[in-house]
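Inspection log for the structure reproduced underneath, given as structure tokens.
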Amino acid sequence: MPGLLIGGALREASDGRTFANVNPATEESIGSAPDGSHEDVDDAVKAARQAFDGSTWPQDHELRAHCLRQLLDGLRAEQETLRQVLVREAGVPVSLTHSIWLDTILESVCYWADLATSFSYEVQVAARSTLAGVTSRRTVVREPVGVVAAITPWNYPLPLNIFKVAAALAAGCTIVLKPAPDTPWSGTELGRIIAERTDIPAGVVNVVTAADAAIGEALVSDPRVDMITFTGSTQVGKRIMASAANHVTRVCLELGGKSANIILDDADLPALGAAIAGVCAHAGQGCALTTRLLLPRSRYEEGLAVAQTAFESLPCGDPTDPATVVGPVINAKQRFRVLSMIEKGRQEARLLLGGGVPDSLPVGYFVEPTLFCDVDPDAVIAQEEIFGPVLAVIPYDGDDEAVQIANNSSYGLSAAVHSGDTDRAMRIARRLRTGTVGVNGGVWLAADTPFGGYKQSGLGRELGVDGFTEFLETKSIALPG
């Protein structure tokens, strides 16, 4: 069992307690994880604080780059172990681990390593008369924010652990990582690799797993924490934001989404089946998935047929099977919530496909790929994030109405537009109130591209230079000119 990482040491919880790590495909325990206590959180924050205040880590850009490249080497060496962890504890279909759940995201660490040394931490401003009438030379300095508390979810556990840890380290911060209790090993294995395979100084990275949500609350409310980076539901994000207000702690929040996929009337509909059914990947457990499909009324029936055929080609299955794309949802509570939302959908719209638990899978937290059509834009299933393999199909008339429906959401995380006319699609994309938009299959997720949302989808950005500067403070220094 991988242990907590606190002050450079891999260890058990202070009171020796553990909790079961359950495989969502089998409902059986695959082992245990340390059940961290308030004492462990206190120790971890203390270690991170001391490492930031009492070492050269925040100033030593070359050391940070060196350690991040060691981390990349360690992740590559442990890649197959990490693959098994993702499949077993998160239910990620093994076929998906060859993409953004594992293989294609590892190289993002190299991006952060390069940025650690290439970023301009000091910029000279030309001497001129200031607003006070004094000619001055000014220097704008960017410095690491300090101790970071990182709270991560269970749907993309390893990628988000890596993104947050690597960016914070590149910027010169120290960090306490609190992984989701449903996917603890994606955090503890990362901690083990850091402890065993890198020269990252003791206390710079700390990992605390716990079953009790109160442990995460203790971490984000600690006055020694300078910044909180959180990915998860909007509901929890609001609580974290309220807690952070007590100490005016900086927050970076990547929250929920109810993204729209707009199919324009000149799109090649028959070619879009895979793009439409992609909302069911990893059982639909993705905040940026386009779970609202907007079809032009003039091609509505054709679009429904394409969607239904695509959904029928995606049966649920064993995530260890390379042919599986739709695995289980994470736990029994989440399956109950998804099924409850589906029941609500039955009252609001027409169920075209799915809607229950697969008869062939009596064990495991599986939900059938579910397709609703004739959905009103204001319906609950068109407004609330379901986080399951459920798609709501909404008809529209004209580009203006498509944009209005797409923007009719408290969220603004992502969107997609498909058209035979790229310029037309780009005009639509620019009108959408979302942080990311994919046009005609374009993919925005990359280490050098900012990711985040408008409205209740969050604050701040991850990835790219924008994501890097989230972990930096700005200081202006002036000298007589």
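All values derive from a computational prediction rather than experimental measurement.
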Salt bridge check: are K344 and E384 linked by an N-O gap of less than 4.0 Å? no
Can D266 and R424 be counted as an ion pair, charged N to O under 4.0 angstrom? yes
Taking the side chain from [X] and the backbone from [Y], do they hold a donor-acceptor pair closer than 3.5 Å?
{"X": "D226", "Y": "V147", "value": "yes"}
{"X": "E107", "Y": "A447", "value": "no"}
{"X": "T309", "Y": "V306", "value": "no"}
{"X": "T324", "Y": "G327", "value": "no"}
{"X": "W185", "Y": "S32", "value": "yes"}
{"X": "R64", "Y": "L169", "value": "yes"}
{"X": "N440", "Y": "S419", "value": "yes"}
{"X": "S259", "Y": "T290", "value": "no"}
{"X": "T104", "Y": "I100", "value": "yes"}
{"X": "E401", "Y": "D397", "value": "yes"}

Name the orientation class of the two ring planes belonging to H282 and W101 (parallel below 30°, tilted from 30 to 60°, perpendicular beyond 60°). perpendicular
State, yes or no, whether a side-chain contact exists between [X] and [Y] at a heavy-atom distance under 4.5 Å.
{"X": "L82", "Y": "L86", "value": "no"}
{"X": "M227", "Y": "F471", "value": "yes"}
{"X": "F19", "Y": "D212", "value": "no"}
{"X": "N331", "Y": "V22", "value": "no"}
{"X": "L72", "Y": "R197", "value": "no"}
{"X": "V225", "Y": "V220", "value": "no"}
{"X": "D374", "Y": "L352", "value": "no"}
{"X": "K333", "Y": "D182", "value": "no"}

Measuring from [X]:[atom1] to [Y]:[atom2], what's the distance to the nearest 0.5 Å?
{"X": "N206", "Y": "L219", "atom1": "CG", "atom2": "CG", "result": "10.0 Å"}
{"X": "L391", "Y": "C280", "atom1": "CG", "atom2": "SG", "result": "7.5 Å"}
{"X": "I405", "Y": "L294", "atom1": "CD1", "atom2": "CG", "result": "5.0 Å"}
{"X": "K238", "Y": "Q456", "atom1": "NZ", "atom2": "CD", "result": "4.0 Å"}
{"X": "L106", "Y": "Q79", "atom1": "CG", "atom2": "CD", "result": "5.0 Å"}
{"X": "I215", "Y": "K178", "atom1": "CD1", "atom2": "NZ", "result": "8.0 Å"}

Exercise: do [X] and [Y] side chains pair donor with acceptor under 3.5 Å:
{"X": "T320", "Y": "D318", "answer": "yes"}
{"X": "K164", "Y": "T229", "answer": "yes"}
{"X": "E80", "Y": "Q84", "answer": "no"}

Where do [X] and [Y] come nearest, in terms of heavy atoms and distance?
{"X": "P369", "Y": "C316", "answer": "CD-SG, 3.7 Å"}
{"X": "V85", "Y": "E189", "answer": "CG2-CG, 4.2 Å"}
{"X": "V109", "Y": "L68", "answer": "CG1-O, 3.2 Å"}
{"X": "D35", "Y": "A210", "answer": "OD1-CA, 3.5 Å"}
{"X": "A260", "Y": "A406", "answer": "CB-CB, 3.8 Å"}
{"X": "F468", "Y": "A170", "answer": "CE1-C, 3.6 Å"}

Could you walk me through whether L459 and M241 satisfy the side chain to side chain contact (heavy atoms under 4.5 Å, CB included) test, starting with their C-alpha distance in whole Å, then the side-chain angles of each, then the deciding distance to 0.1 Å, before giving a yes or no? CA-CA 10 Å; L459 296 171; M241 194 173 178; 3.4 Å; yes
Kindly check if the number of other-residue, nucleotide or ligand heavy atoms within 6.0 Å of [atom1] ([X]) is above 12?
{"X": "Q404", "atom1": "CD", "result": "yes"}
{"X": "M341", "atom1": "CE", "result": "yes"}
{"X": "R433", "atom1": "CZ", "result": "no"}
{"X": "D378", "atom1": "CG", "result": "yes"}

Give the C-alpha distance, both sets of side-chain angles, the deciding distance and a yes or no for side chain to side chain contact (heavy atoms under 4.5 Å, CB included) between E348 and D376. CA-CA 8 Å; E348 298 180 315; D376 186 279; over 6 Å; no
Going through the distances and angles, do D265 and Y396 end up as a side chain to side chain donor-acceptor pair (under 3.5 Å)? CA-CA 10 Å; D265 55 15; Y396 73 87; over 6 Å; no
Under the side chain to side chain contact (heavy atoms under 4.5 Å, CB included) criterion, do L413 and F451 qualify, and how do the steps go? CA-CA 9 Å; L413 188 56; F451 171 61; 3.9 Å; yes
Using the rule given for side chain to side chain contact (heavy atoms under 4.5 Å, CB included), can you reason through V207 versus R192, listing the C-alpha separation, both sets of side-chain angles and the distance that settles it, and then say yes or no? CA-CA 9 Å; V207 180; R192 178 184 64 79; over 6 Å; no
Please tabulate, one pair per line, all N/O donor-acceptor pairs under 3.5 Å involving side-chain atoms of residues 150-162, not counting sequence neighbours.
from	atom 1	to	atom 2	distance (Å)
T152	OG1	N161	OD1	2.7
N155	ND2	Q285	O	3.3
N161	ND2	P157	O	3.1
N161	ND2	S186	O	3.1

